[in-house]
Amino acid sequence: MHTVAGLFHIAIEGTYMPMGHTATAEAGSGGLTATEHRLANGLRVVLSEDHLTPVAAVCLWYDVGSRHEVPGRTGLAHLFEHLMFQGSQQVHGNGHFELVQGAGGSLNGTTSFERTNYFETMPAHQLELALWLEADRMGSLLAALDEESMENQRDVVKNERRQRYDNVPYGTAFEKLTALAYPEGHPYHHTPIGSMADLDAATLEDARNFFRTYYAPNNAVLSVVGDIDPERTLAWIEKYFGSIPSHDGKLPPRDGSLPDIIGEQLREVVVEEVPARAMMAAYRLPHDGTRACDAADLALTVLGGGESSRLHNRLVRRDRTAVAAGFGLLRLAGAPSLGWLDVKISGGVEVPRIEAAVDEELARFAAEGPTPEEMERAQAQLEREWLDRLGTVAGRADELCRYAVLFGDPQLALTAVDRVLSVTAEEVREAAAARLRPDNRAVLVYEPLSTEENDGDEEEGADQ
């Protein structure tokens, strides 16, 4: 696992001791800064002032995701994403939503392989409310967690699984490809949604133990970004979070390392009620946080990032064998990242024809690399995406948490684009040649139950 060690000074006896350095307005940071602090109970705090608009974002990342779960009890991290909105000691029922929205704010939470996050964007004068709410559920959720709330949210998650995975076209593609790309027993073999059987098997005591282990201040990073007074904000954080006890029972996540190359082409054919044939593939790529991962990201952007990409031009515009073709990167820090290829095929076209064209384009790219124009366009595209993320207080708060949790140093968020812009065309070519190969992918093919209905009806079927 690639990490960047972060040095944090511990807050002692309720006083704040900022880190030895504060981010300065370096080239590439856009003038953005962040300061870092740590409470005595281990909670890491990152603050970033931005007085452009009178809003403030609060983001809390817990270092727990589906990779921390054990076989037979998958889905607990995602279940808690829901349980955290079901009331705590002083906020009952749906009160968290009601208080934030009543104050003019917005909120949500998400779960991934590597973290669970919760976030609010508030009018600046309502920042204290958001901090109090997050602290109350971190410190007292177990006081409100009972069989009734557990059963209620278990049913909600199971229904979400039906709506987003089981009962929609191509809905299980991510789950199936992940299971192919990461072998049985690997911590990333299962997705955060969890299985129906494991959700049914989870007990209230399982949930309580999971919360005690992972939802502790020393397993979290809190970022606050926007129109804030840092001293007052830190005082509020100490007031509401400082008395929450730390917990030392967390085990490190299981090792997610794998060989660079799968060594063979893995394949699964799914016959389902889908609107059109599809070919999807997952390529094993370098870990997030590495220069090689940035090079792979640029390669995928040239090959499949939008309508100017090589695969779109070849399959959709020139050959007209597909109605959509894209290539994206799922960045992962604790396991190999995945390059995700998604091609929705025109009616009547067979999968081998698509596969041959894809391999031809990848081989050409591996031999020649990107043109100067493609390189410039890809780097500009990734730079724009970075600017979009850091351009909002909520996006910047999330990025600061991400780099703190996964790489130990939130300051890296402010200069991430510099590393992308320093990658050379030859590094991009080498990344493609080394990894974008037929023996380094898991392939998922969707065949409609009735191909006759789809032949000759290309546009309508594949746009869904």
Side-chain angles (χ1 to χ4, degrees), residues 6 8-11 14-19 21-23 29-63 84 96 99-100 103-110 115-139 215 217-244 389-406 408-414:
F8 294 89
H9 289 288
I10 305 297
T15 61
Y16 292 95
M17 300 180 63
M19 284 190 60
H21 72 278
T22 297
S29 72
L32 304 177
T33 63
T35 59
E36 304 166 47
H37 316 268
R38 192 160 190 163
L39 304 193
N41 60 9
L43 178 67
R44 291 184 285 173
V45 179
V46 185
L47 304 181
S48 181
E49 288 184 76
D50 183 345
H51 301 291
L52 190 61
T53 55
V55 295
V58 173
C59 186
L60 190 59
W61 271 46
Y62 290 94
D63 187 10
M84 288 282 273
H96 195 110
L99 286 167
V100 171
S106 60
L107 71 164
N108 213 332
T110 68
R115 60 97 184 102
T116 308
N117 67 346
Y118 302 89
F119 44 92
E120 295 88 9
T121 300
M122 307 288 284
H125 68 282
Q126 296 286 3
L127 171 60
E128 185 181 7
L129 172 62
L131 294 171
W132 174 75
L133 285 167
E134 288 293 358
D136 191 60
R137 59 183 176 183
M138 177 192 281
Y215 285 80
N218 55 316
N219 195 47
V221 172
L222 172 67
S223 66
V224 185
V225 176
D227 189 16
I228 63 173
D229 178 313
E231 285 191 19
R232 183 190 300 167
T233 302
L234 285 170
W236 284 333
I237 292 169
E238 177 65 46
K239 177 181 178 180
Y240 297 122
F241 289 90
S243 62
I244 302 172
R389 289 193 298 273
L390 266 66
T392 66
V393 292
R396 195 182 323 152
D398 191 60
E399 287 293 292
L400 291 168
C401 279
R402 172 177 170 244
Y403 279 93
V405 169
L406 298 181
D409 187 357
Q411 309 291 351
L412 292 170
L414 304 180

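These numbers come from the heavy atoms of this one structure, side chains and all, not from hydrogens, waters or symmetry mates.
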**Report entry** Closest approach of L47 to P230 (non-hydrogen atoms, all atoms of both residues)
**Finding:** CD1-O, 3.9 Å

Donor-acceptor list for residues 222-229 side chains, cut-off 3.5 Å, not counting sequence neighbours:
| residue | atom | partner | partner atom | Å |
| --- | --- | --- | --- | --- |
| S223 | OG | A397 | O | 2.8 |
| D227 | OD1 | H51 | ND1 | 2.5 |
| D229 | OD1 | E231 | N | 3.0 |
| D229 | OD1 | R232 | N | 3.1 |

**Report entry** Backbone N/O of T33 and side chain of S48: donor-acceptor pair under 3.5 Å
**Finding:** yes

Query raised in the report: Under 30°, 30 to 60°, or over 60°: which ring-plane class applies to Y215 and Y62, parallel, tilted or perpendicular?
Result: tilted

Query raised in the report: Do E399 side-chain atoms and L390 backbone N/O form a donor-acceptor pair below 3.5 Å?
Result: no

Requested in this report: Output yes when a side-chain donor or acceptor of N41 lies under 3.5 Å from a complementary backbone atom of F241, and no otherwise.
Outcome: yes

Query raised in the report: Testing L131, V58, V100, L107 for side-chain contact (heavy atoms from CB on, under 4.5 Å) with M122, which one passes?
Result: V100

Report task. Begin from the C-alpha positions of E134 and Y240 and carry the test side-chain hydrogen bond (donor to acceptor under 3.5 Å, both in side chains) through to its verdict. Result -> CA-CA 9 Å; E134 288 293 358; Y240 297 122; over 6 Å; no

Query raised in the report: Distance-only, no hydrogens or angles: does the D63 side chain make a donor-acceptor pair with backbone N or O of A220 under 3.5 Å?
Result: no

Query raised in the report: Does R402 reach the side chain of R389, with side-chain heavy atoms less than 4.5 Å apart?
Result: no

Report summary line: Interatomic distance, CD1@I244 vs CG@L39, rounded to 0.5 Å, equals 9.0 Å

Query raised in the report: Regarding H96 and E120, is there a side-chain donor-to-acceptor distance under 3.5 Å anywhere?
Result: yes

Report task. Quick one: closest heavy-atom pair of V405 and R44, and the distance? Result -> CA-NH2, 3.8 Å

Query raised in the report: Could you go step by step and tell me if D398 and W61 meet the side chain to side chain contact (heavy atoms under 4.5 Å, CB included) rule?
Result: CA-CA 8 Å; D398 191 60; W61 271 46; 2.9 Å; yes

